[in-house]
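Structure record follows, encoded as structure tokens.
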Amino acid sequence: MITEVVKIDELNIDMEKIRKAADILKKGGLVAFPTETVYGLGANGLDAEACRKIYEAKGRPSDNPLILHIGKTEQLLQIASEISENAKKIMDAFWPGPITLIFKKKNIVPDSVSGHFGTVAVRFPSNIIARTLFWEARLPIAGPSANISGKPSPTKAEHVFHDMNGKIEMIIDGGSCDFGLESTILDVSCEKAALLRPGAVTREMIENVIGKIDVDEAVYKKVTGNAAPKAPGMKYKHYSPDADVKLVKGESKKVTEKINELLSEAKSKGLKTGVLATEETKMFYNADFVLSAGRRNDEKEIGANLFDILRKFDELGADIVFSETFGYSGEGMAIMNRLNKAAGFECLEV
Ligand code: TXA
Ligand code: MG
């Protein structure tokens, strides 16, 4: 299959291109689209056969359900059967935007798409290209991140092309994603809301609107044995480049010293080494490749760069990557969740 890449300018949306993309979706094909978080791989969310192609293109385990995307809030009524008071408050505060909500679902949504829990995850993105596309298609659009399963999510159209060329009909290039980390997932289908995946809408922002929430343990630690995270995707090793990722945590000077020690060890074994550093520390490391995620106190910048940098280490051919860690407050919780997952939740403290 030839994958067509179509550039769309969000300040001047070409409706002809949008209609062409919407037609592919209506006919059961796959179109990758930009959002403010990461690029999504879209298919008609009410068509189990179209969604099966998503699983095939991504190599995604079939027990990992898909988020359905909408272009206007009225599309929510087509797929969600109950909208709790908490849900309404969160929608008022943060939609459209980078938070996905879990609702009890209507029967029109196939179980093979949304999972066998009787729920559906719904996202109403703020990205105007995505919203125009979903509304034009007049369909809820299933949209996992447009990466090969297990790889870092794509934050640029080039990343999607790298993973999906030849497997899907179209990629809409809408430039770099603003946030660069996947949406927050909040379960509002039960009495007490629960955070299943941290993102740009932070725990603090949510608690300011609806009070205390639960946080699923899969956010903080590796789930083992029979324990199951509430968002099935959280159990897979994820976001990881081909290189081994090792986290080193502690006071800045000690971290730099420890990483340099580990770098010499790795080099003596003939490994190609990388360091995920910050603007403040990048000059101190003796690695083959030192990439800065941004300024240490700018969580937004670090979040936006993280996946691009993890992918760059692969392009460069790093075998092992040592990374500094960040605080857990605000968006730091999402950054650390993705880094922890890349490192299999192992972290060396110095
Ligand atoms: O930012 C995002 O959310 C991106 C963009 C494209 O919208 N999408 C995305 O989708 O990250 P995906 O499939 O890569 O991650 C969706 C997560 C998975 O961990 C999945 O297990 C969980 O949402 N999920 C989907 N439906 C669910 C449900 N009914 N209950 C609990 N978790 C669900
Ligand atoms: Mg994903």
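All ligand and atom numbering here is 1-based and tracks the order in the structure.
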Check: Any N/O of Ile185 closer than 3.5 Å to an N/O of ligand 1?
Finding: no

Checklist line | Glu169 (side chain) donor-acceptor with Leu30 (main chain) under 3.5 angstrom | finding: yes

Check: Is the backbone N or O of Asn165 less than 3.5 Å from a side-chain atom of Thr3, with the two atoms forming a donor-acceptor pair by type?
Finding: no

Item checked: From Thr119, Asp63, Ile99 - option closest to atom 29 (N) of ligand 1 by heavy atom -> Thr119

Note to self: Can you tell me if Lys249 has over 12 outside heavy atoms packed within less than 6.0 Å of its NZ?
What the structure shows: no

Notebook entry, point to check: Taking everything shown except Lys267 itself, do over 12 heavy atoms lie less than 6.0 Å from its NZ?
Noted result: yes

Checklist line | Lys105 near ligand 1 by a heavy-atom separation under 4.0 Å | finding: no

Note to self: Below the 3.5 angstrom mark, is there an N/O of Gly233, backbone or side chain, next to an N/O of ligand 1?
What the structure shows: yes

Notebook entry, point to check: Any idea which part of Glu36 is under 4.0 Å from ligand 1, heavy-atom wise: side chain, backbone, both or neither?
Noted result: neither

Next item on the list: Using a strict cut-off of 4.0 Å, indicate which atoms of ligand 1 neighbour a heavy atom of Ser145.
Entry: 8 (N), 9 (C), 10 (O), 12 (P), 14 (O)

Notebook entry, point to check: Does any N, O or S atom of Asn147, backbone or side chain, fall under 2.8 Å from the Mg ion (ligand 2)?
Noted result: no

Notebook entry, point to check: Within a reach of under 6.0 Å around CG of Asn208, are more than 12 heavy atoms found that belong to other residues, nucleotides or ligands?
Noted result: yes

Check: How does Arg123 reach ligand 1, by side chain, by backbone, by both or by neither, if only non-hydrogen atoms under 4.0 Å count?
Finding: side chain

Item checked: Within-cut-off N or O pair, Tyr39 and ligand 1, under 3.5 Å -> no

Checklist line | Salt bridge present between Glu36 and Arg123 (N-O < 4.0 angstrom) | finding: yes

Check: Taking distance alone, with no angle check, do His69 and ligand 1 share an N/O pair under 3.5 Å?
Finding: yes

Item checked: Greater than 12 external heavy atoms within 6.0 Å of Tyr328's OH -> yes

Item checked: ligand 1 contact by Gly115, heavy-atom criterion under 4.0 angstrom -> no

Notebook entry, point to check: Which of the atoms of ligand 1 are close to Asn64, meaning less than 4.0 Å from one of its heavy atoms?
Noted result: 18 (C), 20 (C), 21 (O)

